[in-house]
Amino acid sequence: MISVEQALAEILAQVPNGRPTFCALSDSVGRTLAEDIQSDIDSPPYDKSLVDGYAVIAADIHSGVTLEVLEAVMAGETPTQSVQPGTAIQVMTGAPLPPGADAVVMVEQTTRDLEVVTIEQDSIQPETNVMRQATSLAQGETILTRGTIIRPIEVGILAEIGCSSVPVFPQPKLAVISTGDELVDSSEVPQAGQIRNSNGPLLQALGQEFGAKAQSLGIGVDDLKALSDLVKSGLEADILILSGGVSAGVRDLVPAVLNQHGVEQIFHKLKLKPGKPLWFGIHQHAEGRRTLVFGLPGNPVSSLVCFLLFVTPVISLWQGGSGNCLRKTKACLNSEFQQRGDRPTYFPAQLTEQDGTRYVTPLAWKGSADQRTLSEANALAFFPAGNQRYPAGEEITVLEIPS
Ligand code: AMP
Ligand code: MG
């Protein structure tokens with residue numbers, strides 16, 4: 001059996017270098033920029049007023065001074081005159097600062113009477129309520145860099161700098177097949193011997209959360225023909241995830257079906273708890289593209305751990321990311337932990353922080369099907385292989401599950 005590190009290296013070596021594509025700005029949230037982006041404009045594009053008020057010459061201002069109002073400039077208009085000593089131009093927020101003016105008195109500090117305005121403040125510093133051209137960003141300047149994950153904030157910036165078609169790394173298509181004769185859809189009431197399919201929705205949601213275009217292909221019964229049909233459509237995706245059917249049971253047919261479809265096994269089983277039966281292989285399509293295929297153990301907790309450890313790095317790398325989605329950190333054990341066995345363990349745990357110190361509590365986990373306990377987890381506590389007692393207070397490695 002190979003180690004977690006070897007398994008990850010084997011998997012990541014199969015991720016293709018996807019060619020960047022373009023997507024519409026409105027579809028770009030969550031995608032990763034494939035190029036540095038320069039601005040095609042200065043921002044602001046002209047000296048502008050930050051308030052509704054009167055553009056003035058700061059040296060003119062003292063309490064009670066009366067200035068002749070030459071014109072009014074709305075946002076979207078341009079001034080036709082210059083401010084001269086003893087005059088002012090009325091401006092709205094966002095309107096260009098008229099030539100000659102060097103400050104704007106807020107309307108609240110003035111009284112208007114026909115063609116004149118009386119100022120009610122003692123003085124004003126030059127540049128008050130003015131934002132000069134290119135203060136925020138300059139034309140030609142690199143504003144966002146390759147590798148940036150686009151959030152709504154970046155969408156706003158990209159709109160401002162004229163990037164309506166966004167160069168992004170490709171987004172992998174991920175398909176999920178949940179195998180098992182015992183499975184019924186979550187909308188059904190399980191009959192004797194049946195359970196609801198929780199892996200399908202869980203894995204699809206994980207795929208989406210980490211940026212893949214994820215789709216569930218539903219439940220596959222443990223039958224060679226039925227699984228074969230599903231695998232055929234699953235191989236149209238870039239990443240195919242099957243849950244269940246990869247252990248040593250009589251009806252664990254997934255490796256055989258994948259083999260029938262020409263999926264080349266890279267490894268089966270690794271030193272990991274939970275997740276030992278993990279199967280990984282690749283399907284090389286005639287047209288040159290490749291599907292990475294994961295057979296995850298059926299237990300939801302094992303499925304989750306395997307997805308977090310091995311599938312999230314693939315999705316990240318596929319999209320031009322670093323391949324690291326889980327943040328590695330150190331935390332003090334809240335309670336003692338007895339590690340047993342020859343497999344490294346990634347135990348669902350709760351990570352908290354108090355007065356700047358991180359604490360981790362391995363959850364009172366009742367086996368790898370215990371999803372309820374899992375709902376309290378926001379991290380995986382790591383314990384290397386070997387029989388060892390970790391006392392409370394000991395510092396251990398923890399992987400944070402991003403929320
Ligand atoms: P398997 O890997 O197929 O032997 O399944 C291991 C365990 O996980 C069995 O108890 C299954 O009933 C359970 N299991 C398999 N698939 C699912 C699923 N999609 N949702 C919930 N539990 C599952
Ligand atoms: Mg099964």
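First listed ligand is number 1; within each ligand, the first listed atom is number 1. One is the number of the first residue; the rest follow in order along the sequence. As a basis for the values below, the full set of heavy atoms in this structure was taken, side chains included, without hydrogen atoms, waters or symmetry mates. Just so it is clear, the structure is predicted and the values come from calculations on it, not from any experiment.
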- For the ring pair Tyr346 and Phe383, is the centre-to-centre distance below 6.0 Å? no

- Please round to the nearest 0.5 Å and tell me the distance separating atom CD of Glu236 and atom NZ of Lys173. 9.0 Å

For [Y], is there an ion pair with [X] - N to carboxylate O distance below 4.0 angstrom?
| X | Y | value |
| --- | --- | --- |
| Glu5 | Lys271 | no |
| Arg196 | Asp185 | no |
| Arg389 | Glu336 | yes |

Numbering the atoms of ligand 1 from 1, which are under 4.0 Å from a heavy atom of [X]?
| X | value |
| --- | --- |
| Gly245 | 1 (P), 2 (O), 3 (O) |
| Ser243 | 19 (N) |
| Thr179 | 16 (N) |
| Glu182 | 11 (C), 12 (O), 15 (C) |
| Ile195 | 12 (O), 21 (C), 22 (N), 23 (C) |

- Query: Just distances here: any N/O of Val246 and N/O of ligand 1 closer than 3.5 Å?
  - Reply: no

- Message: Check this for me - ligand 1, Asn299, N or O atoms closer than 3.5 angstrom, yes or no?
- Response: yes

- Given that the side chain starts at C-beta and the backbone is N, CA, C, O, which of these parts of Leu183 lies under 4.0 Å from ligand 1, counting heavy atoms, or is it both or neither? side chain

- Task: Specify side chain, backbone, both or neither for Arg196, according to which of its non-hydrogen atoms lie closer than 4.0 Å to ligand 1.
- Result: backbone

- Task: On the 0 to 90° scale, with breaks at 30° and 60°, tag the Phe280-Phe294 ring pair as parallel, tilted or perpendicular.
- Result: tilted

- Query: Between Glu127 and Arg132, does a salt bridge (charged side-chain N to carboxylate O under 4.0 Å, His left out) hold up when you go through it step by step?
  - Reply: CA-CA 9 Å; Glu127 302 304 316; Arg132 292 290 174 185; 2.8 Å; yes

- Query: Does Ser198 reach ligand 1, in the sense of a heavy atom lying below 4.0 Å from it?
  - Reply: yes

